[in-house]
There are 2 protein chains.
Amino acid sequence: MVKRSERMPIFIDRRMDQYPTCWNRAKLTGLVEEAAKRRIKCYFVGSREDVLTYADELQREPSSLVLFLASNEEPSNLLSEYVGLPLSPIVFAHHIHNMLEDEFSYVMSDLAGAMREAVGLLKARGCRHLALFAVDFKSNHDICRVESFKRIYGTEEPLVFDLGNGLVDCISELVSCRDRIDGLICINDFCALPLMRVLDRLDPDWNAKMLMLGFSDTTLAALHKPALTSVSLNYEDGGRAVVRLHRMLAKHEDMAHLHFIMKSSLLLRDTTEAAFPPGMRFSEMTPVSDAEIFRLICTRKHFMMLENLLNYADTVTLRLMLGLMDGKTADSISKELFISKDGLLYHLRKLKSAFGMENAKEIAAFLCTWINRDALESYIH
Amino acid sequence: MVKRSERMPIFIDRRMDQYPTCWNRAKLTGLVEEAAKRRIKCYFVGSREDVLTYADELQREPSSLVLFLASNEEPSNLLSEYVGLPLSPIVFAHHIHNMLEDEFSYVMSDLAGAMREAVGLLKARGCRHLALFAVDFKSNHDICRVESFKRIYGTEEPLVFDLGNGLVDCISELVSCRDRIDGLICINDFCALPLMRVLDRLDPDWNAKMLMLGFSDTTLAALHKPALTSVSLNYEDGGRAVVRLHRMLAKHEDMAHLHFIMKSSLLLRDTTEAAFPPGMRFSEMTPVSDAEIFRLICTRKHFMMLENLLNYADTVTLRLMLGLMDGKTADSISKELFISKDGLLYHLRKLKSAFGMENAKEIAAFLCTWINRDALESYIH
């Protein structure tokens, strides 16, 4: 018998739409799916007034309020809107924000465990000179990663590349680095992919010399060639865990708050294939200018949009993307997909507006830069 | 159907015996009782070798290792003994030790919630000038309490009395304080009781002028006259929660670690009875010397032993204590309890050795100082 209180609705702070990242979408997907399975209602709210619409339900029993937090945001800022309402906050975050003001529940990713997986894999593959790439020292969770990296890699001052002046600078700095590097941990997949473009230009065989992986598994990382090994923080599981946490708080009256720290998992792909990589000494290579780096990686700003499309777009859109990569015309794609040309053009217009691009050719070039055609085809099937 | 893995034994680090506090005993009691109910075995271990005795069971599946932590101890120190064994640590603590090295599970008390209860009660009773008494600034969890107190009480620099030079000094400092204080939060019951002795000496009516409460509910606080209001951190529930945590980690493979933060609860007693206390201005009273304070409170060193006896001693011992308080002879007590005189003398010798006291009279005086006779009598029944 499920107690009625476990069926209390979950309130979700919809101001998370400010950060429409693929990661927040994954969390939300897991949360909403699991809630549906348990027949728990989810209400999206953005203000105190929104919550008060459900005052009748709340008067019966207190409930949970789910908050999505950007790295440096204080939970108390988001919570101020809801002060005094009978809602216990459940915060999605990478780490606890303040040990002394710990008055909410958390669903967190296991940053330290993820780093342990990453360092462990690279060491097992024979890497001896690891570096951490593209750290934003203004972000608390990047700082957590740096600290974990130092502790787990066990080197006093390991190489850490600062993202402070932007990705072009950060790649330039790495590429001008005299040190031999044989294993690189990238702070996230979206920083790793542009670097791979530059490495392709410097040395087509780089993948046999230096291993690389990213954090926070993306579909893009899987569809790139070479496919990027990534440590998944399992955000969908995290979303599902929110529902578990909500039910536990209802069921166990002796508990004030709970923190769930979700396990990470490694997704092994091409970029960690080689065993005993000799390492790259970038300074021995023909230099690349900042301008060239910029040209190679300039379309990266569309990654988040592309990732969201890969995960959430309908099949027509995905097959349209594949057709464009194959250089096909709208006519032939519409015939293949058994839809009207008008229907297809509607999807194409939506794609153009999503990427803010002028024409199909530009979209095709962007997709061909970052995605492997065959990988996309198998992904669709 | 309970999965077999949830029946894996729980390993308990027995080095906690270094701190045989009533609080650790309460946690352990809850843990062991709940494990028995769930038919989960508990093994006490103190070293790597001890654990390896159970290698067969551990080879089948990983299990949990429970650690009791003193306030400033690093979990990693205690864990070094067990490195590499398939045991996931569950740490009893008041707060997370290091946000960046967070690779264990925790069962914690809700220090912030407890402070919120304490401040809320005193304010509701009409107190306007709160102070925090007997803070050990060398202890991390006392520092957490000071921070919570400042944040929740909402005053920039509230009065906080430092335990740094010992309790006699700390009481002297409070007693020489010119400020009017109408509500006092004591860091724990064992600091509150001695202060009450001094207040009794200064002004028999103090309890109508100043409210007081302690943290970490003890039986002694309940048996004292006036009985001390205390915020219970519910350590026994925490012990039971360890078993819940152990089972969840076995059941949910997507979880790396869990933190349970246990709810606090207020135990209302005599010292917070009065509404709108006028406050005490200590400086207007006849001064008491440090020597007199020392004399009044010198037997406090036996509190922990007394508390453990009150909670865990057999009925004969408790009735013997009551008989001594009533000034009865060993002869008459043994008759009342229907045991041989030798049997009674055996219990009396154990009591003397527990308190390190020479004779029955000394024990009786000690008990009469700190416990109310009638309260003890109803406690026994």
| task | Side-chain contact test, heavy atoms from C-beta onward, threshold under 4.5 Å: evaluate it for B:Ile261 versus A:His259 and give yes or no. | result | yes

| request: Kindly compute the distance separating CD (A:Glu253) from OG (B:Ser265), expressed to the nearest 0.5 Å. | output: 12.0 Å

| Rounded to the nearest 0.5 Å, what separation is found between the CE atom of A:Met262 and the NE2 atom of B:His252? | 9.5 Å

| request: Please flag which part of A:Arg244 lies under 4.5 Å from any non-hydrogen atom of chain B: side chain, backbone, both or neither. | output: side chain

| Where does A:Asp254 contact chain B at under 4.5 Å (heavy atoms): side chain, backbone, both or neither? | both

| Are side-chain heavy atoms of A:Asp237 and B:Met255 found at a separation under 4.5 Å? | no

